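Notes to accompany the following structure.
Reminder, nothing fancy here: chain letters follow the sequence lines and each chain counts from 1. As the structure is a prediction and not an experimental result, all values here were calculated from the model.
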Amino acid sequence: MPGKERYALVDCNQFYVSCERVFRPQLWNKPVGVLSNNDGCLVALSPEMKALGIKRGVPAFKINDLVKKHDIQLFSSNYGLYGDLSARVMQILSEFTPELEIYSIDEAFLRLDSLKISDWQEYGRKMRGMIMKWVGLPVSVGLGPTKTLAKIANRVAKKFPGYQGVFDITDHPKLEAILQWIQVEDIWGVGYRYAQKLNSYGIKTAWDLSKADYKWVQQQMTIVGLRTVKELNGISCLDMELDMVPKKQIISSRSFGHPVSELNELLEAVADYCQVATLKLRQQHSLASSIMVYLTTNRFRDEPQYANYAGFKLATPSAYVPDFIKTASDLLRSIYRPGYKFKKVGVMLSNIIAEGQAPLDFFDRVYIDDERKIVMDCLDKVNKVWGPGTLAYAAAGINKGWQMKRQLLSPSYTSNWWQLLRVNSDRTTKRLND
DNA sequence: TCTGGGGTCCTAGGACCC
DNA sequence: TCTGGGGTCCTAGGACCC
């Protein structure tokens, strides 16, 4: 029966920018932007920056003039800081309902239909108030009978200040007008490609799409698109995903700070990414048996291009760093060609299983039963207490000349003892890390 | 000089088997 | 040497998300 369920989507406004502002009130009301890895392109903008006509995704070097002219404050991505503030927001939300799905670093779905609430508008404002007071981040709350409609409600809440950041679309008298206002490309689940296709059939708005023939939609957009359309009509098809689902594929890759041609440097980077990828693997208590390595030149540059990849399946699944470094190095050597300027290498782990599911093997020892696991546990423990990278494999290099650029990095105020905020008063200067 | 990184799901098609 | 149908597994590619 449509309308029985009630979902909320809570979404932090310009999350990365807001995180940078938490500890620097002087950035309020100013144009602020956050750059992607390698300080490459713009991934988050404050409203003041959007008002200057700048769009998400533009390369940083293309806005140099505007940055100077309008005194725009730019930052490198500081994922340590963002991840930590995100966890605090999620902690607060989890007190509103046990049915919380952390959808991304800055978004969560809440299922609220078992709650007896008479005024949802006020309930949403309470959430906003708590998060602003305790973490200092502005959020918007959208409520609706399906996740897709809650997403749309969230958009309304963000767009029209009159709603004070909270909008409930459930049984709304203006539902049709709202869906007419939402363009198809702004619907959750409809990307650029499908939007083009739908437009060519005269389907421009969420309202148009909600009226489309189900069979036709499935033919054009698979079962996934059909679910979206049903959700627009108030039929809930997307369940809450409450449990942390282990990843089936783990990628670690990064563009270099400058072009790299030497095999030795590439080998270092690949070894480093093996450390990163297997750490994620161990954190979810999994083992992987397939590894793939890829490398590529910079496709934006007018110079000889080369890209390739190679994979290998280990005899038994593992999460032991050297198992992967050794294999990955061989793979890299097999695809490496001298004379090119490489932009990026990457490592991908797949065929991932839970630790306990590792098959027995007559000849090889099993990871969880041998000293490899003991060594990894020790490594992870040290790095957890003393900070990432305290213990590392020498194969990953020491100087790491290839590492990405992060020239505009803000301090990790909440996750690094040496970068805590210092509070100065007129009488004393208190260093929190003394 | 300078253009991110990390994921998921679905489908079609080929190989192979009975 | 004239030839179906169905099942499974795997991979590549295309779509989407943040």
Side-chain angles (χ1 to χ4, degrees), chain A residues 9-12 14-16 33-44 55-65 67 74-79 82-83 86 101-109 147-148 151 154 184-198 217-228 231 237-239 241 244-259 269 273 276-277 279-281 284 290 292 294 296-303 309 311 313 341 343-352 403-408:
Chain A
L9 175 71
V10 180
D11 177 310
C12 302
Q14 319 102 37
F15 181 59
Y16 295 176
V34 176
L35 301 171
S36 66
N37 278 335
N38 232 13
D39 295 343
C41 55
L42 200 56
V43 290
K55 297 237 185 303
R56 196 191 126 97
V58 298
F61 72 89
K62 285 193 179 171
I63 54 167
N64 281 339
D65 292 346
V67 169
L74 288 182
F75 295 92
S76 303
S77 293
N78 185 343
Y79 291 106
Y82 311 153
S86 170
E101 174 185 338
I102 299 172
Y103 179 67
S104 75
I105 194 166
D106 75 325
E107 269 178 78
F109 286 104
K147 284 176 156 185
T148 304
K151 274 265 195 186
N154 189 283
V184 280
E185 61 266 32
D186 295 331
I187 302 168
W188 186 43
V190 180
Y192 176 79
R193 293 297 167 121
Y194 283 153
Q196 298 291 306
K197 183 184 259 189
L198 290 170
V217 170
Q218 180 161 359
Q219 278 164 7
Q220 300 296 320
M221 303 168 68
T222 79
I223 187 97
V224 182
L226 179 59
R227 282 190 205 120
T228 298
E231 288 239 323
C237 301
L238 302 169
D239 284 335
E241 286 170 22
M244 247 277 285
V245 187
K247 308 243 176 290
K248 298 171 181 171
Q249 171 180 305
I250 293 173
I251 298 172
S252 177
S253 88
R254 232 160 289 282
S255 296
F256 298 128
H258 59 81
Y273 303 159
V276 174
L279 173 61
K280 290 184 197 166
L281 195 60
Q284 64 171 30
S290 290
M292 198 262 277
Y294 59 93
T296 175
T297 47
N298 187 347
R299 66 194 157 95
F300 292 106
R301 295 180 62 134
D302 185 20
E303 52 190 36
Y309 64 90
K313 194 154 190 247
K341 293 176 180 170
K343 174 71 181 163
K344 175 153 95 171
V345 294
V347 166
M348 181 175 109
L349 309 182
S350 56
N351 272 307
I352 292 173
Q403 248 180 356
M404 68 169 171
K405 262 197 302 203
R406 289 170 100 187
Q407 290 174 339
L408 306 166

* Kindly say if K248(A) contacts the phosphate of dC9(B), meaning a side-chain N or O under 4.0 Å from OP1 or OP2. => yes

* To do: Would you indicate what I187(A) reaches in the nucleic acid, counting non-hydrogen atoms under 4.0 angstrom: base, sugar-phosphate, or nothing?
  => sugar-phosphate

* For C41(A), does its backbone N or O pair with a side-chain atom of S36(A) as donor and acceptor, under 3.5 Å? -> yes

* Using a cut-off of less than 4.0 Å, is there contact between a side-chain N or O of R301(A) and OP1 or OP2 of dC2(B)? -> yes

* Roughly how many Å is it from CD1 in I102(A) to C1' in dG7(B), rounded to a whole number? -> 16 Å

* Asked: Once Watson-Crick and G-U wobble pairs under 3.5 Å are found, how is DNA chain C written in dot-bracket notation, 5' to 3', with | for any base paired to another strand?
  -> ....||||||||||||||

* Closest to the S253(A) side chain, choosing from dG6(B), dC10(B), dT8(B) -> dG6(B)

* **Electrostatic pair E241(A):K147(A) at N-O distance under 4.0 angstrom** => no

* To do: Remember a base hit wins even if backbone is also touched, and classify D39(A) as base, sugar-phosphate or nothing at under 4.0 Å, heavy atoms.
  => nothing

* Quick one: on DNA chain B, does N37(A) or I223(A) contact a more 5' nucleotide (nearest heavy atom)? -> N37(A)

* Is the shortest side-chain N/O distance from K344(A) to OP1 or OP2 of dG5(B) below 4.0 Å? -> yes

* Give the ring-plane orientation class for W188(A) versus F109(A), where under 30° counts as parallel, over 60° as perpendicular and anything between as tilted. => tilted

* For the student: nearest non-hydrogen atoms of G189(A) and T228(A), plus distance -> CA-OG1, 4.5 Å

* Using a cut-off of strictly less than 4.0 Å, decide whether K343(A) has a side-chain nitrogen or oxygen near OP1 or OP2 of dT3(B). => yes

* Asked: With respect to the side chain of R254(A), which nucleotide from dG4(B), dC18(C), dG5(B) is positioned closest?
  -> dG5(B)

* To do: Please state how far atom CD in E231(A) lies from atom C1' in dC17(C), giving the value in whole angstrom units.
  => 15 Å

* Has K280(A) got a side-chain N or O lying under 4.0 Å from the OP1 or OP2 atom of dG7(B)? -> yes

* To do: Take atom OH of Y192(A) and atom P of dC17(C), then tell me their distance rounded to the nearest Å.
  => 14 Å

* Which part of the nucleic acid, if any, lies within contact of S252(A), taking any heavy atom under 4.0 Å across all strands shown: a base, the sugar-phosphate backbone alone, or nothing? -> sugar-phosphate

* To do: Counting heavy atoms from C-beta on, name the nucleotide in dC18(C), dT8(B), dT3(B) closest to the side chain of N298(A).
  => dT3(B)

* Structure fact -> Against the side chain of R193(A), the closest entry in dA15(C), dG4(B), dT3(B) is dA15(C)

* Asked: Counting just side-chain N and O atoms, does S104(A) come under 4.0 Å of either OP1 or OP2 of dC17(C)?
  -> no

* **Residue W188(A), side-chain heavy atoms: nucleotide from dG5(B), dC17(C), dC10(B) that is nearest** => dC17(C)

* So what does I250(A) touch, heavy atoms closer than 4.0 Å: a base, only the sugar-phosphate, or nothing? -> sugar-phosphate

* **Atom-to-atom span, CG of L74(A) to P of dG4(B) - whole angstrom** => 16 Å

* **Heavy-atom pair with the smallest gap, counting every atom of R56(A) and V43(A)** => NH1-O, 2.9 Å

* Asked: Out of dC18(C), dT3(B), dT8(B), which nucleotide sits closest to the side chain of C41(A)?
  -> dT3(B)

* Structure fact -> Per atom distances to the Y103(A) side chain, the nearest of dC9(B), dT11(B), dC18(C) is dC18(C)

* Within this structure, what is the CD-to-P distance between Q218(A) and dA12(B), rounded to whole angstrom? -> 10 Å

* To do: Check every strand shown and say whether V190(A) touches a base, only sugar-phosphate, or nothing at a heavy-atom separation below 4.0 Å.
  => sugar-phosphate

* To do: Return no unless some side-chain N or O of R227(A) is found under 4.0 Å from OP1 or OP2 of dC9(B).
  => no

* Structure fact -> Closest non-hydrogen contact found for R254(A) with K344(A) is O-CG, 3.6 Å

* **Closest to the Y309(A) side chain, choosing from dT8(B), dA15(C), dA12(C)** => dA12(C)

* Round to the nearest Å and state the distance from E303(A) atom CD to dT1(B) atom C1'. => 12 Å

* **dG4(B) versus dC17(C) - spacing of their C1' atoms, nearest Å** => 15 Å

* To do: Mind listing the closest non-hydrogen atom pair of D39(A) and A60(A) along with its distance?
  => O-CB, 3.7 Å

* **Closest-nucleotide ordering on DNA chain B, the 5'-leading residue of G257(A) and I251(A)** => G257(A)

* **Distance in angstrom units between D302(A) CG and dT1(B) P, rounded** => 12 Å

* **Distance below 4.0 Å between K151(A) side-chain N/O and dC18(C) OP1 or OP2** => yes

* **Touch class at under 4.0 angstrom, heavy-atom based, for K247(A) against every strand present** => sugar-phosphate

* **N/O donor-acceptor pair under 3.5 Å between S86(A) side chain and I105(A) backbone** => yes

* To do: Whole angstrom is fine here: how far is it from CD in Q196(A) over to P in dG14(C)?
  => 16 Å

* Structure fact -> Scanning both residues in full, the closest heavy-atom pair of L408(A) with L35(A) reads CD1-CD1, 3.8 Å

* Mind checking the NZ-NZ spacing from K247(A) to K280(A)? Nearest 0.5 Å is all I need. => 8.5 Å

